2 protein chains.
Amino acid sequence: MATPTPQTTPSGGLRERKKQRTHDALIRAALELFTDQGYEATTIDEIAEAVDVSQRTYFRYFANKEEVVFAVQEMVEARFVAELRGRPASEAPLTALRQAVLGAWDDIGGAIASVVPVELHMRACQMIESTPALVAAHLRRSSDLEEEVSRLIAGREGLDVDTDPRPRVLVAAFGGVMRVASKVWGEGQDCSVTAIRELTRSYLDHIRPAFDDDWRTGQAGRSTGDVNSGRELSTPDKERVRNG
Amino acid sequence: MATPTPQTTPSGGLRERKKQRTHDALIRAALELFTDQGYEATTIDEIAEAVDVSQRTYFRYFANKEEVVFAVQEMVEARFVAELRGRPASEAPLTALRQAVLGAWDDIGGAIASVVPVELHMRACQMIESTPALVAAHLRRSSDLEEEVSRLIAGREGLDVDTDPRPRVLVAAFGGVMRVASKVWGEGQDCSVTAIRELTRSYLDHIRPAFDDDWRTGQAGRSTGDVNSGRELSTPDKERVRNG
DNA sequence: TTGTCAACTGTCAGTGGCTGACATTAATCT
DNA sequence: AGATTAATGTCAGCCACTGACAGTTGACAA
């Protein structure tokens, strides 16, 4: 009689599963309502009612009205950071970022779909772009993530993020490219995960030449303090494939 | 006896002056209270009470709680844009931006002080950095301004901002530097206008080598300032994106 | 000066985001 | 089954923000 032998589920107990269901249902209902009738025009009472819970319960799952909008993004970001931490130290910084983001999209695609239809997620992206309050929240989130990633990259390369501007410059450029990519994706027709992978890949190729040097050995660049290796940022379309 | 000859004031009628006084008083009171007891901990009722107006009146001057925080920034930004529009077309883009921002600080210094003590404005900057809601608003405002400036720069150079990435990249870099500069200024001791001018000047020097080329002719070094001679720049040694 | 008009302001009532406190229900453990 | 603990509902209340209406006060003309 030791344990009741919980052959119950792969994902914890019943309580756990119920929570997950409510959580996901809230996201779905919220995105549906937001994209349907607009963010401001939708009240939290409506969302709660659609899932048949109380307003108070909504606020036990999400700290505020915005948070539910970014729940899916958060999954992707978490996956990306995990992926990045797993990249071998031998990779150049931009390569690691690139592989991490592509890898994240690989095994997250299904995970997204299990929560919301990908098409709904895409409509949500468009809505964010056209809602000032959400744009602000999105920029702040991006800024926070970039800070985290900058420190991660600096750590990999053994640099001090407060002294050497290159990690932040690289990550800022990378973040900018990613934001444009997801914006273009949101505006386009093809909402497949493959589409964003390809978009990401081709956009990142544009900045590769500017960051292709090795910060540790000083190949094709300088290694300390002096600003900055972003010298080639302004190049629109150069070939110069010194691909590593 | 046509008009009673109102030698009254330089700045319009009495009504106008009264409005201005209330406006400025609200800013002062708000910043004072915010920096004192924190942004979230301060209610609009308190601000209104401090100026002896109704809450409703506050909302007739400012659309929301955030707006009053950025009122001074808005003055500076407006001045900057005006200054930028006035720069001669012969200047290289980065030079124009640089001169515009330095010029803006010149004749705005007094204007700021007439509304709030510069020291109070500096404390406000620090508060913004440490209040998530205000960071978000600040980033969104910056993003909007950068979009406007990008189009302005593209117009000067006869480029299409949606085709050629260089205006946006330049402005993004410029904006990033400016944000860091004002952050460092806010953290430092010297709250003088001279201090931020010097900070701005030295920080901008860091990115000058990357953007010192002439987008129209493809020649290096077009600026008016004493640019360290024709530094090899990033312009593609290949074809240009632009047309005309 | 006086009266009219328009602008500015205050009051009031109401909506919606968000939180703390407490009771209730439902899953887990023994 | 009963005790424990987590999730939820209910309720009261604060605060940001808005529309409507009425009162006040400068501007301007007669």
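In the text below, chain A, chain B and the rest are named by the order of the sequence lines, each starting its count at 1. Source: prediction; values computed, not measured.
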Q) Side chains of B:Arg168 and B:Asp162: closer than 4.5 Å at any heavy-atom pair? A) yes
Q: Answer yes when A:Glu83 and A:Arg87 have at least one side-chain N-carboxylate O distance shorter than 4.0 Å, and no when they do not.
A: no
(Q) Rounded to whole Å, please give me the gap between CD in A:Glu40 and C1' in C:dT15. (A) 14 Å
Q: Write down the distance between CZ (B:Arg17) and P (C:dA7), rounded to a whole number of angstrom.
A: 19 Å
(Q) Between P on C:dT9 and CD on B:Glu16, what's the gap in Å once rounded to a whole number? (A) 11 Å
**Q.** N-O pairing of B:Asp144 and B:Arg140 below 4.0 Å
**A.** yes
Q | A:Thr22 vs B:Thr43, nearer the 5' end of DNA chain D by closest nucleotide | A | A:Thr22
Q.
A side-chain contact here means heavy atoms from C-beta on lying under 4.5 Å apart; do B:Glu74 and B:Arg141 qualify?
A. yes
Q) Which residues within residues 44-60 of chain B lie with some heavy atom under 4.0 Å of an atom in DNA chain D? A) B:Ile44, B:Gln55, B:Arg56, B:Phe59, B:Arg60
Q | C:dC8 OP1/OP2 closer than 4.0 Å to side-chain N/O of B:Tyr61 | A | no
Q) Reckon A:Phe62 touches a base, only the sugar-phosphate, or nothing at all at heavy-atom distances under 4.0 Å? A) nothing
Q.
Expressed as a whole number of angstroms, how long is the span from B:Asn64:CG to C:dG17:P?
A. 16 Å
Q) Between C:dA27, C:dG17, C:dC8, which one does the side chain of A:Arg15 approach most closely? A) C:dA27
Q. Rounded to the nearest Å, what distance is computed from the CD atom of residue B:Gln20 to the P atom of nucleotide C:dA7?
A. 18 Å
Q. Would you call B:Phe34 and B:Thr131 a side-chain contact if the rule is heavy atoms closer than 4.5 Å?
A. no
Q: Return the value, rounded to whole Å, for the distance between atom CG of A:Leu14 and atom P of C:dA26.
A: 12 Å
Q: Indicate yes or no: does A:Glu148 engage A:Arg85 in a salt bridge with an N to O separation below 4.0 Å.
A: yes
Q) Taking A:Ser150 for the side chain and A:Glu146 for the main chain, is one N or O donor matched with an acceptor at less than 3.5 Å? A) yes
Q) A:Lys65 side chain N/O closer than 4.0 Å to the phosphate oxygens (OP1, OP2) of C:dC18? A) no
Q: Figure out the CZ/P separation between B:Arg21 and C:dC8, and round it to whole Å.
A: 15 Å
**Q.** Residue-phosphate contact under 4.0 Å: B:Lys18 side-chain N/O, C:dC8 OP1/OP2
**A.** no
